[in-house]
Amino acid sequence: MARSATVAPPVPPLADLILPWFDAQARDLPWRRAGTTPWGVMVSEFMLQQTPVARVEPVWTRWMTDWPLPSALAAASRADVLRAWGKLGYPRRAVRLHEAARVIATEHDDVVPSDVDILETLPGVGSYTARAVAAFAYRRRCPVVDTNVRRVVARAVHGRGAAGPARTKADLVDVEALLPADEPAAARVCAGLMELGAVICTARNPLCGVCPARGACAWHAAGHPAYTGPRRPPQGYAGTDRQVRGRLLDVLRDTSMPVEKAVLDAVWSDAAQRDRCLDSLLVDGLAEQLADGRFRLGCAP
DNA sequence: TACCCGTGGGG
DNA sequence: TCCCCAAGGGT
């Protein structure tokens, strides 16, 4: 039986390395500041879905000034919401946030729910956003899994270079295992895992040399083996319906007066694709057609 | 599950 | 230039 004087050096759990680093180094993002309401957190999470922090900051700040409560946003027109959303991309997120605000105002007394299952019933709120609101707005002990966390866990816990295909349930279990019992501390660990993935443990050129977690990182210990798993096919953009919809919407956002179809026809030469995209914008409620045939930004309730 | 949905910056 | 990526959700 081993009884040497040297006790096996306790490898500090990931959380113990990440917490002090996060407390000292976390970026000063506006929605992290004291006094941010759960509504403010929720708005930031919607905007941050697939959109970089730098582009969200100014829009979020203005948004919270104009619509500090869900009921305030609910009272705005969809067109005003879409214009305020500006060029954050994926404008259907703005419509869903608008709809979620109405549900919160009318069915939850203007208070953002704190329960994950209730949050997930809101339009545009999926597993990630529901958990992010519960953890960051209400300090709940609730595993939060986004693309950053998946990458950090893949590396630090499993020694793989990248996360690979989604393994939703397993990711939740993995993160849950990293969380301390204390609720607010657990919420900070979730934020810290995301922060680490965003600024240190990045997809390309991770900064392992200054990583606070490298002492507990399986990938680092293994010598940074390259990722060998399946890669998702490139998405592409040029020539897609997404690009055409973006151009059409760009016209409608920038005009206060309804426009003739000829104005929209000018943004894309392929008539069939252009008409298909315009129709899809109508279906999505992002655009609407007046009785006189002209078009404008969607104004639905 | 795979694909669709915007936009712009960096390597 | 081109490709990859960025706090996902809906279908």
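On a predicted model such as this, the values are computed, not experimentally measured, just so you know. A note on names: the letters A, B, ... follow the listed sequences, proteins ahead of strands, and every chain is numbered from 1.
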What's the [atom1]-[atom2] distance between [X] and [N], to the nearest Å?
X: A/Gln235; N: C/dG9; atom1: CD; atom2: P; value: 16 Å
X: A/Leu82; N: B/dG6; atom1: CG; atom2: P; value: 11 Å
X: A/Arg83; N: B/dG6; atom1: CZ; atom2: P; value: 17 Å
X: A/Arg93; N: B/dC4; atom1: CZ; atom2: P; value: 18 Å
X: A/Arg55; N: C/dA7; atom1: CZ; atom2: C1'; value: 13 Å
X: A/Tyr90; N: C/dC5; atom1: OH; atom2: P; value: 14 Å
X: A/Arg92; N: C/dT11; atom1: CZ; atom2: P; value: 8 Å
X: A/Leu88; N: C/dA7; atom1: CG; atom2: C1'; value: 13 Å

Just call it for [X]: base, sugar-phosphate, or nothing, with non-hydrogen atoms closer than 4.0 Å on any strand.
X: A/Thr129; result: sugar-phosphate
X: A/Phe46; result: nothing
X: A/Ala198; result: sugar-phosphate
X: A/Trp31; result: base
X: A/Leu248; result: nothing
X: A/Gly89; result: base
X: A/Pro165; result: nothing

I want to check one thing: is the phosphate of [N], taken as OP1 and OP2, less than 4.0 Å away from some side-chain N or O of [X]?
X: A/Lys87; N: B/dG6; result: no
X: A/Thr147; N: C/dC5; result: no
X: A/Arg253; N: B/dT7; result: yes
X: A/Arg245; N: B/dG6; result: yes
X: A/Arg151; N: C/dA6; result: yes
X: A/Gln50; N: C/dG8; result: yes

Quiz item: Are A/Val95 and A/Leu82 side-chain neighbours, meaning at least one heavy-atom pair lies under 4.5 Å?
Solution: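 Side-chain contact under 4.5 Å: yes.
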With heavy-atom distances below 4.5 Å as the criterion, would you say the side chains of A/Asp279 and A/Arg276 are in contact?
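The answer is no, as the side chains (C-beta and beyond) never meet within the 4.5 Å cut-off.
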* Any ring-ring contact (aromatic ring centres under 6.0 Å, His included) pairs touching residues 16-45 of chain A, not counting sequence neighbours? ->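 Every pair satisfying ring-ring contact (aromatic ring centres under 6.0 Å, His included) with a residue in residues 16-45 of chain A: A/Trp31-A/Trp60.
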Next on the checklist: Distance criterion of 3.5 Å, no angle test: do you see the side chain of A/Thr51 paired donor-to-acceptor with the base of B/dG6?
Outcome noted: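 Yes, a donor-acceptor pair under 3.5 Å.
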Checklist entry - B/dT7 base to A/Arg242 side chain: any donor-acceptor pair below 3.5 Å? => result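 Answer is no: no donor-acceptor pair is held.
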Taking atom P in both B/dC3 and C/dC4, compute the distance separating them and give it to the nearest angstrom.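 About 16 Å, rounded to a whole number of Å.
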Task: B/dC5 versus C/dA7 - spacing of their P atoms, nearest Å - done: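 Roughly 22 Å separates the two P atoms.
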- request: Take atom CZ of A/Arg62 as the centre, draw a 6.0 Å sphere, and report whether it contains more than 12 heavy atoms from other residues, nucleotides or ligands.
  value: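 Atom CZ in A/Arg62 is not crowded, with 12 or fewer foreign heavy atoms closer than 6.0 Å.
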Within the supplied structure, the quantity of interest is the number of heavy atoms (other residues, nucleotides, ligands) at a distance under 6.0 Å from A/Asp292 CG; does it exceed 12?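 Yes.
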A/Arg204 side chain, from C-beta outward: closest of C/dC5, C/dA6, B/dC5
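Per side-chain heavy atoms of A/Arg204, the pick is C/dC5.
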#### Entry: Minimum-distance nucleotide (side-chain atoms of A/Ala203 versus C/dC5, C/dG10, C/dA7)
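My answer, after comparing the listed nucleotides, is C/dC5.
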- prompt: Would you call A/Arg102 and A/Glu107 a salt bridge, using N to O less than 4.0 angstrom?
  reply: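 Salt bridge between A/Arg102 and A/Glu107, a charged N being under 4.0 Å from a carboxylate O: no.
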Starting at the 5' end of DNA chain B and moving along, which residue's nearest nucleotide shows up first, A/Thr168 or A/Leu281?
->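 Of the two residues, A/Thr168 wins.
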